There are 2 protein chains.
Amino acid sequence: MNIREIAQRAGVSTATVSNVLNGKLSKVSDETKAKIESIIKETGYKPNVMARSLVKKESRLIGLVVPYLGKDEDFFANPYNAHIIAALERYIRANDYYLMLRCVGDPREIVPLLSSWNVDGAFFLGIYKDEVPEIKSLIDIPIVFLDTYAPGEEIVNIGIEDYRGGYLSARYLIGKGHTKLALVSPDIASEGVIRERYKGFTDACREAGIPFKNGNIYYTESTYHSAVQIGQDIAFGGGDYTAIACMSDIVAFGVIEGLKQCGLRVPYDMSVIGFDNLPDCEFMSPKLTSVAQDFEWKARKASEYLFKMITDKCILVADERQPIRVAERQSVKNLYE
Amino acid sequence: MNIREIAQRAGVSTATVSNVLNGKLSKVSDETKAKIESIIKETGYKPNVMARSLVKKESRLIGLVVPYLGKDEDFFANPYNAHIIAALERYIRANDYYLMLRCVGDPREIVPLLSSWNVDGAFFLGIYKDEVPEIKSLIDIPIVFLDTYAPGEEIVNIGIEDYRGGYLSARYLIGKGHTKLALVSPDIASEGVIRERYKGFTDACREAGIPFKNGNIYYTESTYHSAVQIGQDIAFGGGDYTAIACMSDIVAFGVIEGLKQCGLRVPYDMSVIGFDNLPDCEFMSPKLTSVAQDFEWKARKASEYLFKMITDKCILVADERQPIRVAERQSVKNLYE
DNA sequence: CCTACTTGGTAAAGCGGTTAACTTAAGGAT
DNA sequence: ATCCTTAAGTTAACCGCTTTACCAAGTAGG
């Protein structure tokens, strides 16, 4: 079933059918239009998107590139990814585009992919600064980065106030009377969200006159199992902490489990604060106090930029960061009480 | 940059370039081949997938259709979806296909979508029996259903032994001495996984001579928040239960929270068993005992069938169900101890 | 009556590939 | 010297759709 067949049945040319299909009504009488439409409905004809894309040079396809978490972990091992993807999917659908989802190790892998599919735009999740120039140079479609720090690069990035998040995390603990703090974090070496959170955290400590040394940092992967180990290390390590700040919720979940396994009770023996405010914070006990980011906001902002660039055929440069707050629950003890 | 340009630079026809691209080496000398390949590498040329699809009538696109959970809930509100999607994505990628993800309310919405994109195959998650014939009739590409019950329909379905899961759930509780059981479940009216689990559960009760009435069933949506309410209802309802079986983990999480809010401790005051064995079962306290299904297995089986049908251009009919077990953790009390 | 504009359409090129059918030159067999 | 094969390409049609340029007929103005 193709456009030719419809044209034949209607006794018109394919051009006319195409005009009806594309709403170019000025070229076709109401009568013919009605006739063609009824035939289309009757036959259930749907134009071939590929053929259309080929000539229109637009695909109505949006690429969504998700970082690969690690060997055995799928990209949902951190539920953060699931939530942001779900929110983006909604907006893509609402704008009548299609979502091509791809998980990649090296983000450069997907550049050929995006260009050979003629993707109209793409979201990149959690790309590091170093990888931005190459992506930018190899591809010239609208892109929105989420959670990328690349000052100086001309990109659209949507993120949160990570520095302030880290800062608030420390301030919150300090406000509850905690002064012996540990930090559990993935690598802080590369410029990125984690590094910013770390900086905010340590700055808050410094301001408050709280000694915070490198020895107080525990490095982990962004996975539950890796964090469990850290929780145990901290419990056994005798670091004499009263509170642990985690740079993501999934890590906090693991740390708490590690602590529990060693007989420590949260928050009575040890306080823990997370980062992300996943819905899962509610599922556990104690409920995890966490620095809150809003997935919905991120997805909305990111979509606004992407679709503006696509429809207006323009290049935007922006770095929007969502204001952040602490979602208080039960995992941090108030030492003043 | 298109195939003509490459052909020009190499001083050959587009057909020859195409042959190199498609590995039809019999038609081209090693010399020309090397030359063309070097030009391709040099220019970074990538063939346009749309154009290729148009003539080859295959798209290398796999559709993944995910049910829409409800008004305000995204499809990851139940993490089950996230895990199965992630696993499927891995297999799709490994087979060198591309994933088009689409969340839909009415599955019929996507039929035109799949056909106008010339998708080579599709996975449908959690479709009800009634919707199968229409899907089947409107679309003639290989499809694999996951978690669909449609006996008599000629489809490939990959699922788990839901009946046995429900049965084991009851057996497990009974084995621990529980006889006053409540069941928390989404709608059991429509034929589907939940109905099967329910049947297995009640059959096990009957076999054990345990009275189980309709009044012992509490209906909920498959969301956390809905289940919290049920937990409270049960706590306040004075139903005199010692154990609650939930037909999915996300529901169990909510129920436990509801119970907690009413001052009941799990498992001391009330035992709870879930269904799905999400990784999240580990995150909470007490850790949730749950009927275990294996996402990896499901995704692998589903992919095997789909890609076999695609490459062999054949129609298969199958109904594979993964054997199931109870993953024992801490949320069920042993009344005999 | 002639010209000009509008309405409702058609014909055909082209998007970037693939492929069946054809060509041409060289080599081998007879 | 002739015929057949094979290797290595080339030509051109076609996939399903959009779009530009063109056309015919009707209407209106002068």
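To find a chain, count down the sequence lines: A is the first, B the second, and so on, and within it residues start at 1. Just so it is clear, the model here is predicted, and its values are computed rather than measured.
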Please write out each protein N/O paired with an N/O of nucleotides 26-28 of chain C under 3.5 Å, distance rounded to 0.1 Å.
none

**Q.** Greater than 12 external heavy atoms within 6.0 Å of B:Glu296's CD
**A.** yes
Q. In terms of the angle between their ring planes, are A:Phe123 and A:Phe307 parallel, tilted or perpendicular, with boundaries placed at 30° and 60°?
A. perpendicular
(Q) Nearest whole Å is fine: how far is C:dG17 C1' from B:Gln8 CD? (A) 16 Å
Q | Side chain to side chain, B:Leu125 and B:Asn81, heavy atoms closer than 4.5 Å | A | yes
Q) Could you write nucleotides 8-17 of chain D as a row of B, S and -, 5' to 3', where a protein heavy atom under 4.0 Å of any base atom gives B, of only sugar-phosphate atoms gives S, and otherwise -? A) SBBB---BBB
Q | Salt-bridge criterion met for A:Arg93 and A:Glu89 (N-O under 4.0 Å) | A | yes
(Q) In this structure, how many angstroms lie between the P atom of C:dG8 and the CD1 atom of A:Ile36, rounded? (A) 13 Å
Q) Between A:Lys56 and C:dC15, does any side-chain N or O lie under 4.0 Å from OP1 or OP2? A) no
Q.
Counting neighbours of CD on A:Glu58 that are heavy atoms of other residues, nucleotides or ligands and sit closer than 6.0 Å, is the number greater than 12?
A. yes
Q: Could you tell me which residues satisfy salt bridge (Lys or Arg N to Asp or Glu O under 4.0 Å) with B:Glu153, sequence neighbours excluded, listed by chain and number?
A: none
**Q.** B:Glu304/B:Lys308 salt bridge by N-O under 4.0 Å criterion
**A.** no
Q. If you draw the axis of the six-membered ring of B:Phe295, does the NZ or CZ of B:Arg90 fall within 45° of it and under 6.0 Å from the ring centre?
A. no
